[in-house]
Amino acid sequence: MSVMDEGVIDNMGLRKNEKSLNLYIFDHLAWGLEADDVHIFMLQNKLNDYLQYIDSGQVNERYKVEDYENIIIRVIAKYPFSYDCVQFLDKAKRYINDAGFELEWEVRPMED
């Protein structure tokens, strides 16, 4: 699964020490290319899918509400984010925080 797969949760799991439910988005695409606008659009669609998954209650079909205190959407990227993407993620983070959830992102270079 990846940022390209709409309507799919890439991965999820509980971090019991944090009492958080983590929903992961895996992004294997490079940034800094002419297609950044398309890449950001894919990421935006993926985030919207995750918010829909949470809001619809589907998330609680797999995990009990009493098992976690907060939900964190974590974007794990293979390549460093572009300036435009970081600007987008900052705005998305504010929106997601206002909805009562968290958004975090990090770069984790992966093997091809």
Side-chain angles (χ1 to χ4, degrees):
M1 309 303 162
S2 78
V3 70
M4 297 174 68
D5 299 313
E6 287 188 38
V8 176
I9 303 300
D10 295 348
N11 200 351
M12 61 190 307
L14 288 172
R15 283 194 175 180
K16 293 183 181 180
N17 58 334
E18 295 177 9
K19 288 286 282 182
S20 66
L21 177 60
N22 294 266
L23 304 175
Y24 296 93
I25 296 174
F26 299 118
D27 188 347
H28 66 289
L29 302 174
W31 291 98
L33 305 173
E34 292 177 13
D36 268 6
D37 289 344
V38 173
H39 192 165
I40 290 171
F41 184 71
M42 283 191 290
L43 184 55
Q44 180 180 8
N45 285 341
K46 192 76 169 188
L47 287 169
N48 286 335
D49 289 343
Y50 277 48
L51 292 172
Q52 175 61 33
Y53 181 75
I54 296 165
D55 288 341
S56 71
Q58 285 180 283
V59 69
N60 295 319
E61 292 173 7
R62 186 159 179 194
Y63 293 99
K64 297 176 186 171
V65 176
E66 54 270 7
D67 289 341
Y68 59 89
E69 294 175 0
N70 63 329
I71 296 176
I72 304 171
I73 300 172
R74 297 181 187 264
V75 180
I76 310 296
K78 181 176 181 177
Y79 299 102
F81 297 99
S82 69
Y83 174 82
D84 289 340
C85 181
V86 172
Q87 295 299 309
F88 164 74
L89 288 169
D90 282 336
K91 288 178 187 174
K93 181 176 184 155
R94 287 191 297 272
Y95 176 82
I96 289 170
N97 287 156
D98 288 347
F101 313 113
E102 296 179 44
L103 174 64
E104 297 179 357
W105 56 92
E106 66 180 279
V107 176
R108 272 194 220 162
M110 301 170 245
E111 302 269 335
D112 285 330

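Below, all heavy atoms of this structure are taken into account, side chains as well, without hydrogens, waters or symmetry copies.
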Identify each donor-acceptor pair in which a side-chain atom of residues 50-63 lies under 3.5 Å from a protein atom, sequence neighbours left out, and give them as a table.
unit_1: Y50; atom_1: OH; unit_2: D10; atom_2: N; d: 2.7
unit_1: Y50; atom_1: OH; unit_2: Y24; atom_2: O; d: 2.5
unit_1: S56; atom_1: OG; unit_2: Q52; atom_2: O; d: 3.1
unit_1: S56; atom_1: OG; unit_2: Y53; atom_2: O; d: 3.2
unit_1: S56; atom_1: OG; unit_2: Q58; atom_2: N; d: 3.3
unit_1: S56; atom_1: OG; unit_2: Q58; atom_2: OE1; d: 3.2
unit_1: N60; atom_1: OD1; unit_2: Y68; atom_2: OH; d: 2.6

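- Taking CD1 from I71 and OG from S20, the interatomic distance works out to 10.0 Å, rounded to the nearest 0.5 Å.
- I76 and V3 are members of different hydrophobic clusters when ILVMFWY side chains are connected at heavy-atom separations under 4.5 Å.
- Annotation: side chain of L47 is in contact with side chain of I73 (closest heavy-atom distance under 4.5 Å).
- Every side chain to side chain contact (heavy atoms under 4.5 Å, CB included) that E66 has, sequence neighbours left out, goes to K64.
- Heavy-atom neighbours of M12 CE from other residues, nucleotides or ligands within 6.0 Å: above the threshold of 12.
- Annotation: side chain of M42 is not in contact with side chain of D27 (no heavy-atom distance under 4.5 Å).
- Considering only residues two or more places apart in sequence or on other chains, E69 meets the salt bridge (charged side-chain N to carboxylate O under 4.0 Å, His left out) condition with none of them.
- At least one side-chain heavy atom of V75 sits under 4.5 Å from a side-chain heavy atom of F81.
- Closest approach of V107 and P80 over heavy atoms only: CG2-CA, 3.7 Å.
- When all heavy atoms are compared, the tightest approach of K19 to N70 is O-OD1, 3.1 Å.
- W31 and Y83 sit in two unconnected hydrophobic clusters of ILVMFWY residues. Membership requires side-chain heavy atoms under 4.5 Å apart, directly or through other members.
- Residues forming a side chain to side chain contact (heavy atoms under 4.5 Å, CB included) with A30 (at least two apart in sequence, or on another chain): L33, Y79.
- Cluster partners of I72: none. The rule joins Ile, Leu, Val, Met, Phe, Trp and Tyr whenever side-chain heavy atoms lie under 4.5 Å apart, and it links nothing here.
- Although no hydrogens or angles enter the test, the distance criterion places no donor-acceptor pair under 3.5 Å between the side chain of K46 and the main chain of F26.
- Taking the salt bridge (charged side-chain N to carboxylate O under 4.0 Å, His left out) definition, one finds that E104 meets it with R74, sequence neighbours left out.
- Considering every non-hydrogen atom in both N22 and R15, the closest pair reads ND2-CG, 3.3 Å.
- Listed by chain and residue number, nothing satisfies the side chain to side chain donor-acceptor pair (under 3.5 Å) test with N45 (two or more places apart in sequence, or in another chain).
- Partners of S82 under the side chain to side chain donor-acceptor pair (under 3.5 Å) rule, at least two apart in sequence or in another chain, are D36.
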In a table with atom names and distances, give each donor-acceptor pair under 3.5 Å that connects a side chain of residues 86-98 to protein atoms at least two apart or in another chain.
unit_1: N97; atom_1: ND2; unit_2: F101; atom_2: O; d: 2.8

